[in-house]
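Heads up: the structure comes next, in structure tokens.
Both ligands and their constituent atoms are indexed starting at 1 by order of listing. Residue indices begin at 1 and follow the sequence shown.
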Amino acid sequence: MDHFELTEDTPIEVAGGSPEGRRIAVWLAALIGNTVETTPAVREADEGSEGAVHLDIDPASTDLGAEAYEIDVSRSAVSVRAATATGLFYGVQTLRHLLPPSVEYTAAYPRPLRLPVGTIRDAPRFPWRGLMLDVSRHFLPVDDVKRFIDHLALYKMNRLHLHLSDDQGWRIEIPEWPNLTEHGGRTEVGGHPGGYYTTAEYAELVAYADSRFVTIVPEIDVPGHTNAALASYPELNCDGVAPDLFTGTAVGFSSLCTANELTYRFLDDVIRVISGLTSGPYFHVGGDEVETLSEAEYTAFVERVQDIVTRYGKRMVGWDEIATADLRSGSIVQLWRPLWPGPGAEVSEGRAAAAEVLREGLARALEAGAGVVLSPADRLYLDMKYDTATVLGLSWAGLVDVRTAYDWEVADVFGSIPESSIVGVEAPIWSETLGVLSDFEYMAFPRIAAVAELGWSAPERRSWGDFRSRLGAQADRWDVLGIRFRRSPGVPWSNGLHR
Ligand code: ACM
């Protein structure tokens with residue numbers, strides 16, 4: 001086959017003196033440097049040279065959208081062109097996928113770095129392609145979260161939602177409220193020591209994510225899922241009595257005291273501090289599974305919190321229960337309850353009633369200009385077991401094998417929501433049963449690749465039969481990257497001989 005071969009003598013050129021372009025070029029040079037003796041040189045060049053890889057961010061490329069790129073490989077040169085740094089980064093990630101998995105790790109047996117001759121023009125379907133890590137039920141240290149940011153980048157995913165607080169643990173330092181982390185952050189499910197991110201560590205995560213074109217979406221789950229905060233400050237409780245720390249897995253029992261003005265001063269501090277450290281435009285306020293408030297108390301609370309989030313310059317995101325409140329234009333409803341059966345599925349009466357309330361709220365929210373992120377638990381919750389024999393994970397929303405996550409079309413299931421209101425898709429990983437990084441990775445891989453493609457590729461470009469063979473070929477890369485993944489049945493996993 002015709003190809004271009006990269007060696008240590010292949011310069012990586014960047015056009016236009018763009019610092020972001022240069023950073024991406026350095027990233028690519030380092031990747032190639034894993035395999036060749038000497039890391040290739042990075043240099044400025046407005047036009048591509050023979051024998052070089054040329055990277056060009058050209059805002060005048062109006063033929064390319066904000067995240068799009070074009071790759072052109074001939075036998076004598078390679079060019080990657082985009083209108084934005086994000087698009088260029090994605091183009092470089094595609095070059096990475098075209099190179100052998102050995103490029104990922106210096107100690108892997110080196111293979112020739114050949115790119116097939118051809119042209120690729122590519123752009124995503126949805127702007128929000130996310131993953132959520134529940135670092136509250138079990139805490140993940142900074143380096144583990146960075147590793148997940150790298151996993152997102154490999155598949156051109158661009159939102160990392162961090163579930164930073166829940167009944168079992170408060171995971172981010174708020175200087176004005178030190179007990180949140182000193183007390184509320186010191187345990188997790190099962191009673192093991194938990195942990196938390198200092199403001200400096202959180203800022204470090206935001207910067208790391210920015211460098212991989214991933215936007216962090218911080219979540220402080222209120223008014224329910226707040227036992228860790230309530231245990232840390234008695235005055236946040238309506239009766240002024242702090243409950244014990246909680247290390248179980250029940251839900252629905254806790255709520256902030258919505259009648260107490262102190263609650264809103266507390267939330268003002270929390271939202272201000274975290275918003276100030278967050279480069280992205282979103283702040284997730286949770287809002288799910290509140291069983292101790294009336295509907296009126298709940299919606300009034302959500303609307304007040306939405307005002308605070310807006311005051312600090314962010315767009316409010318919340319789980320789908322928030323749709324019953326008056327939402328602003330730009331707020332985002334994250335659909336999670338499995339209330340949208342696939343075509344032909346049976347629906348129970350209870351589910352139909354809950355779905356009706358949600359549909360009504362959602363219709364009003366969309367009218368007001370809110371958007372929707374799709375995280376249906378029966379397809380995209382990556383903490384659901386793969387099958388009945390899976391040791392980790394839960395199964396309340398069903399079993400979610402990789403085909404269940406991949407093989408459906410958004411418009412078939414969510415056809416009542418206009419596609420223009422669908423911001424994208426996100427796969428949450430809740431951690432009641434996941435203790436350490438490898439547990440999270442085992443639940444994420446291979447399904448993360450299914451979610452990434454669901455968010456990126458147009459429906460007519462997706463089919464299970466084609467995906468499963470491309471998925472199987474990912475196994476060698478995951479092996480080289482040291483990712484412990486599930487070899488789901490029905491996928492022709494590569495055997496490692498081509499590493
Ligand atoms: C949720 O799973 N409670 C959003």
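Each of the following atoms of ligand 1 lies closer than 4.0 Å to a heavy atom of W430: 1 (C), 2 (O), 4 (C). Atoms of ligand 1 found under 4.0 Å from any heavy atom of Y381 (numbered from 1 in listed order, with element): 1 (C), 2 (O), 4 (C).
The backbone N or O of V285 sits nowhere less than 3.5 Å from a side-chain atom of E219 that would complete a donor-acceptor pair. Between the side chain of N179 and the backbone N or O of E182, no donor-acceptor pair lies under 3.5 Å. In this structure a side-chain-to-backbone donor-acceptor pair under 3.5 Å is missing from D378 to A397. With hydrogens and angles ignored, the 3.5 Å screen pairs a side-chain donor or acceptor of H138 with a backbone N or O of S431.
Taking all atoms of both residues into account, the shortest heavy-atom contact from L293 to P223 is CD1-CG, 3.8 Å.
Inclusion of W319 in the set of residues having an N or O under 3.5 Å from an N or O of ligand 1 is not warranted. Distances between N or O atoms of W396 and those of ligand 1 include no value under 3.5 Å.
Among all non-hydrogen protein atoms, the one lying nearest atom 3 (N) of ligand 1 is D288 OD2, 2.7 Å.
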